[in-house]
Structures are given as C-alpha cells and as structure tokens.
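Report on one structure; see the data block that follows.
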Amino acid sequence: MLMAAALLFKRSRSLVQNKVSLLLGIGGSRSTTTPPPLINHHRFRYSSSQPFVASSTRYESSKAQAQLEDFQQHDDQVIDFPGGKVAFTSEMRFISDTSHKRVPCYRVLDDDGELMTHTNHVQVSKELAVRMYSEMVTLQTMDSIFYEVQRQGRISFYLTSMGEEAVNIASAAALSSDDIILPQYREPGVLLWRGFTLQQIAHQCFGNTNDLGKGRQMPIHYGSNKHNYFTVSSPIATQLPQAVGAAYSLKMDGKNACAVTFCGDGATSEGDFHAGMNFAAVMEAPVIFIIRNNGWAISTPVEDQFRSDGIVVKGQAYGIWSIRVDGNDALAVYSAVHTAREIAIKEQRPVLIEALSYRVGHHSTSDDSTKYRPIDEIEYWKMERSPVNRFKRWVERNGWWSDKDELELRSSVRKQLMHAIQVAEKAQKPPLEDLFTDVYYQLSSNLEEQEKLLRKAIEKHPKDYPSDVPL
C-alpha cells in the first residue's frame with residue numbers, strides 16, 4: 001500500500017500545473033549568468049478565469065518537469081533528496097553573489113503622468129481614481145499639519161508618509177475590507193481609506209479619552225478592530241511573523257481574504273523578517289509583504305544594509321513570488337497589489353512587493369535627515385518625483401480633475417483637520433486606572449500592586465504628576 005501511495009503521489013505531483021508561474025514567466029530554464037526578470041510586465045495581469053489546482057505539493061512548470069524527466073532517464077545524474085530531485089553536474093560552478101543586471105521595476109505611469117507604451121495594468125475607474133487622488137492629498141495635508149502641531153509642542157511625536165503616499169493609498173484601494181492589515185508605522189493612509197476619520201487620528205495623537213488605545217500608545221500608533229487594522233507596534237519587524245500567523249488562520253478557516261503587512265527596508269535586516277518569510281513560504285500562507293524601500297533606515301542607507309539587489313531577490317531566495325514596483329506610481333502599486341491579492345487567495349501562497357519610494361520627510365520628528373543626506377536630493381524627490389503630482393497629472397489628463405476641484409479639496413481637508421485638532425486637544429485625558437485595565441481580562445495582583453504604588457508616589461510628589469489626568 002505504501003508503494004502504491006508513493007506512486008500515486010509522484011503521478012499527481014507531475015500533473016500539477018502552476019498557471020500563474022507560467023503567466024509571470026518565472027518557470028523554465030534560466031541563464032547561468034543573467035537571470036530573467038521575475039515578472040514579464042507586459043503580461044502582468046493575473047487571469048482568475050482559468051482553473052487552478054490546490055495542492056499541498058509545490059507548484060512546478062511543465063517545462064521544468066520535462067527537463068526533470070530527461071534527467072530521470074539516467075539514475076546516476078539525479079538524486080532523490082528530501083525536498084525534491086537534484087540533478088548532478090561535473091562542472092564546479094558557484095552561484096554568483098548577484099546578477100550583473102538588476103531586477104527591473106514595474107511601472108505604468110512615466111514621470112509626467114503619461115501611460116507607458118504597451119502597459120498592461122489593472123483598469124481604474126473615474127470614481128476610484130478621483131478617490132485615490134483625494135485620499136493622497138488628505139494624507140499629504142494631514143502629515144504637514146500634524147508635523148507642525150508636534151513642532152509647536154502640542155503632541156509629543158509624529159512621523160510622516162511624505163513621498164510614500166502612493167504606497168499607502170494605492171495599496172489600500174486594491175485590497176478588500178476583509179483583508180487583515182498588520183502595518184509598520186508609515187501606513188496611516190491605509191486606515192484612512194478604510195474609514196478611520198481625521199477626528200479619530202487626532203484623538204489618537206493627543207491620547208485623550210476618545211482614543212481607542214486609551215492614551216497608552218505613542219502618537220501615530222493607530223489601531224482599529226473595526227477596520228481590520230492591527231495596532232502599530234514600535235519594535236521593528238515584529239508584525240511580519242504575526243501577519244503570517246494571521247494569514248495561516250485565514251487559510252485554515254477557508255476565508256476569501258489575505259493578510260497584508262508593511263515594513264521598510266530597515267526591517268529586512270531584522271531576524272523577524274527572515275523568520276516571517278520562511279514561515280510564509282513553507283506554510284504557503286496567503287500573505288502579502290509590502291516592503292517600502294525608501295532608501296534609508298533612519299540614517300542608514302540601503303548600501304550599508306545589504307549587498308543583494310534590494311529586497312525583491314530576498315523573496316525569491318525563500319521561494320516567494322516577488323516583484324519590484326515603482327512606489328511613486330499609484331497605478332503600478334494598485335495593479336501589483338490587486339494582482340498579488342488574487343494570487344495570495346486563489347493560489348494560497350505568499351507574495352512580496354518591493355516598492356521603490358524615496359522617503360521625502362525626516363524619519364520622524366526625532367530625526368534631522370539633512371545631517372546624513374543632501375538637501376537638494378530631498379528637494380528633487382519632493383518636487384520632481386512626487387507621487388501625488390504624477391497621479392494628479394494623469395487624472396487631469398483624463399478630464400476627471402480641475403483646478404477648482406483641487407482648491408476645494410485642499411481647503412476642505414485643512415478645515416477638517418484644524419477642527420479635529422481643536423476638539424482632540426480640548427478633550428479630557430484618560431483616567432489613571434485606564435493605565436492598568438484591559439491588559440488582562442481580570443486585573444492581576446501584580447498590576448493591582450503597581451497601581452497602589454503609583455498612587456502613593458503621586459500623593460507624595462503631586463507636582464510631578466500632570467494635572468490634566470484624572471486620578
């Protein structure tokens with residue numbers, strides 16, 4: 001019986017067709033010197049109309065299978081090793097550290113907002129395009145105003161998404177509200193897209209009683225169960241293996257959804273990144289890794305972080321389908337994420353997207369990026385390569401936007417923000433007891449003791465305790 005089962009397994013495995021692998025041009029023979037692009041961008045769109053085979057085995061292209069069968073004709077040229085058959089060669093050849101040709105970057109719009117020739121992207125309607133642009137402007141305006149609010153000393157900390165608005169909004173637009181988001185800290189646009197209001201943003205930054213986190217998090221550490229958006233966590237890359245676990249739970253429950261996690265290039269230098277990638281690949285979890293390669297991990301440039309060709313090849317190394325995308329091109333980001341979602345859910349596998357999007361703002365209000373990069377470089381990316389301006393030109397060229405629309409939008413967003421800040425600033429702070437509740441279902445004895453000690457310290461040193469926090 002064991003022999004029959006083994007033969008049946010071998011036969012079924014040889015019949016497995018990897019439709020999307022063929023579509024994206026990943027399978028087949030490869031040059032030993034210059035590997036092909038990970039994705040043929042002229043055939044980028046994934047067709048969901050064709051059937052696929054769900055299997056616990058790895059997906060194989062028919063061409064690669066045929067080559068393997070040739071090797072099987074000579075038993076001395078192949079070894080059936082755990083993990084798959086490996087061919088032998090008499091030539092000693094090391095895999096090179098990197099290819100001479102870098103993996104290309106998928107884009108739809110050029111720098112002037114014109115469609116690239118022969119582009120094949122996911123179509124965007126007028127309604128969706130206008131909303132995407134409006135949300136990009138909202139995020140841009142919000143960052144500008146809250147940055148100034150922090151500089152005025154009214155909140156303790158802030159972090160902007162300037163230069164990365166397209167990654168925020170376009171990715172959010174391509175996802176379903178059922179998809180679970182595990183962000184880093186530069187994705188508030190995803191939450192805004194899902195319906196989190198500017199007033200809720202302000203409440204969180206001011207840490208008042210209306211803050212869903214009860215004032216126990218730093219500003220910009222948003223979270224909302226209602227919007228399937230996990231609370232931002234300060235430690236770098238911890239959300240990545242958590243996202244894989246969430247994705248695997250969706251797979252076990254048969255949900256028509258995926259997990260999506262974001263991080264920056266600096267997070268790929270953390271162990272959690274590699275653990276998460278390997279976990280996702282081995283368990284074939286429906287998770288999308290969106291990596292913002294913005295050039296700098298605070299003050300550390302990418303060339304001081306890794307020798308590899310950016311981040312896209314790291315996905316390939318773990319057996320994960322990957323693509324490099326122009327993160328300043330909203331249409332390219334939307335198309336890539338939209339397609340990655342279909343792959344993740346229908347094929348039940350992880351996908352990695354490396355979005356090249358220069359960080360125009362300082363890392364945070366605790367950073368001065370002019371100390372480690374030229375000001376003219378920052379200004380160039382801010383003015384000449386703005387993702388907001390590029391997408392605006394495309395929307396205008398389609399006749400969907402006007403100067404009047406622009407003026408009304410920016411005026412309206414600014415008024416909403418100023419009102420939200422005034423309301424949040426006047427709201428009462430959470431009471432002292434909220435510091436200890438909701439940590440466990442029932443207040444533990446050690447937390448009870450800590451609360452008593454804190455109250456005694458306040459009684460002894462009342463001047464050291466903020467007067468606007470109720471006891």
Side-chain angles (χ1 to χ4, degrees), residues 143 147 150 156-164 167-168 171-172 180-191 204-205 213 216-224 229-247 259-281 285 287-308 310-315 317-318 320 322 324 327 350-369 371-373:
D143 278 345
Y147 188 89
Q150 192 281 334
S156 61
F157 179 82
Y158 195 72
L159 185 150
T160 72
S161 303
M162 294 178 178
E164 299 169 85
V167 178
N168 264 255
S171 62
I180 298 174
I181 306 297
L182 288 94
Q184 192 174 27
Y185 42 58
R186 219 179 289 275
E187 289 81 34
V190 179
L191 195 50
Q204 197 285 325
C205 288
R216 295 183 294 194
Q217 282 275 15
M218 291 172 60
I220 64 91
H221 286 57
Y222 314 106
S224 174
Y229 191 96
F230 275 58
T231 301
V232 175
S233 180
S234 290
I236 301 298
T238 55
Q239 74 276 13
L240 301 180
Q242 295 167 2
V244 182
V260 183
T261 186
F262 296 79
C263 72
D265 50 270
T268 67
S269 298
E270 294 285 341
D272 277 343
F273 170 80
H274 300 278
M277 294 282 285
N278 195 54
F279 180 18
V287 56
I288 304 174
F289 298 93
I290 301 179
I291 317 297
R292 294 174 284 92
N293 185 348
N294 59 25
W296 299 89
I298 307 184
S299 58
T300 304
V302 291
E303 57 265 26
D304 289 349
Q305 288 191 70
F306 37 75
R307 174 96 181 249
S308 62
I311 299 154
V312 65
V313 295
K314 297 179 187 290
Y318 281 104
I320 294 176
S322 308
R324 173 173 285 158
V351 181
L352 181 145
I353 298 173
E354 178 189 15
L356 303 184
S357 186
Y358 188 87
R359 191 195 80 215
V360 169
H362 304 299
H363 177 264
S364 72
T365 50
S366 301
D367 171 52
D368 180 3
S369 61
K371 299 296 184 182
Y372 54 81
R373 57 182 184 174

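Any value given below was found using the heavy atoms of this structure, including those in side chains, with hydrogens, waters and symmetry copies removed.
- Ile220 approaches Gln204 most closely through the heavy-atom pair N-OE1, 2.8 Å.
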Just do the side chain to side chain contact (heavy atoms under 4.5 Å, CB included) check on Tyr229 and Val190 with the steps written out, would you?
CA-CA 9 Å; Tyr229 191 96; Val190 179; 4.1 Å; yes
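- Checking side-chain atoms of Glu354 against main-chain N and O of Ile311 turns up a donor-acceptor pair under 3.5 Å.
- Heavy-atom minimum distance, Ile290 versus Ser171: CD1-CB, 4.0 Å.
- Arg373 is listed as a side-chain neighbour of Trp296, based on a closest heavy-atom distance under 4.5 Å.
- Under the side-chain hydrogen bond (donor to acceptor under 3.5 Å, both in side chains) criterion, Ser161 pairs with no residue, sequence neighbours left out.
- A donor-acceptor contact shorter than 3.5 Å is absent between the side chain of Glu187 and the backbone of Asn168.
- With sequence neighbours excluded, the residues forming a salt bridge (Lys or Arg N to Asp or Glu O under 4.0 Å) with Glu164 are Arg186, Arg292, listed by chain and number.
- Atom OG1 of residue Thr160 and atom CG of residue Asp143 lie 5.0 Å apart, to the nearest 0.5 angstrom.
- Considering every non-hydrogen atom in both Ser369 and His362, the closest pair reads OG-ND1, 2.8 Å.
- Residues Pro301 and Tyr372 form no side-chain contact, since every pair of their non-hydrogen atoms from C-beta on lies 4.5 Å or further apart.
- Using modelled atom types, one side-chain atom of Ser322 and one backbone atom of Ile320 make a donor-acceptor pair closer than 3.5 Å.
- Here the side chain of Asn294 pairs no donor or acceptor atom with the backbone of Tyr358 at under 3.5 angstrom.
- Other residues, nucleotides and ligands contribute more than 12 heavy atoms inside 6.0 Å of the OH atom of Tyr147.
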When you look at Ile288 and Ile353, which way does the side chain to side chain contact (heavy atoms under 4.5 Å, CB included) test go after all the steps?
CA-CA 7 Å; Ile288 304 174; Ile353 298 173; 4.1 Å; yes
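- Listed by chain and residue number, Thr370 satisfy the side-chain hydrogen bond (donor to acceptor under 3.5 Å, both in side chains) test with Asp368 (two or more places apart in sequence, or in another chain).
- Counting all heavy atoms, side chain and backbone alike, Ser308 lies closest to Val313 at CB-CG2, 3.8 Å.
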Checking Met218 against Ser156 for the side chain to side chain contact (heavy atoms under 4.5 Å, CB included) test, could you report, in this order, the C-alpha distance in whole Å, the side-chain angles of both residues, the deciding distance, and whether it holds?
CA-CA 8 Å; Met218 291 172 60; Ser156 61; 5.9 Å; no
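- Separating the CZ atom in Arg307 from the CG atom in Asp304 is a distance of 13.0 Å, to the nearest 0.5 Å.
- Scanning for ring-ring contact (aromatic ring centres under 6.0 Å, His included) contacts around Tyr185 gives His363, with sequence neighbours left out.
- Counting heavy atoms from C-beta on, the side chains of Phe289 and Leu240 come closer than 4.5 Å.
- Among all heavy-atom pairs drawn from Leu191 and Ser224, the shortest one is CD1-CB, 4.2 Å.
- In this structure, the side chains of Phe306 and Lys314 come closer than 4.5 Å at one or more pairs of heavy atoms.
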Using a 3.5 Å cut-off and no angle test, enumerate the donor-acceptor pairs between side-chain atoms of residues 231-238 and protein atoms at least two apart in sequence or in another chain.
residue: Ser234; atom: OG; partner: His221; partner atom: NE2; Å: 2.6
residue: Thr238; atom: OG1; partner: Pro235; partner atom: O; Å: 3.4

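- With hydrogens and angles disregarded, a donor-acceptor distance shorter than 3.5 Å links the side chain of Thr365 to the backbone of Tyr158.
- Rounded to the nearest 0.5 angstrom, Ile291 CD1 and Ser357 OG are separated by 13.5 Å.
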Contacts table for residues 268-276: side-chain donor-acceptor under 3.5 angstrom, sequence neighbours left out:
residue: Thr268; atom: OG1; partner: Asp265; partner atom: O; Å: 2.6
residue: Ser269; atom: OG; partner: Gln305; partner atom: OE1; Å: 3.0
residue: His274; atom: ND1; partner: Tyr318; partner atom: OH; Å: 3.1
residue: His274; atom: NE2; partner: Thr268; partner atom: O; Å: 3.1

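- Here the closest heavy-atom approach between residue Gly310 and residue Asn293 is recorded as CA-ND2, 4.5 Å.
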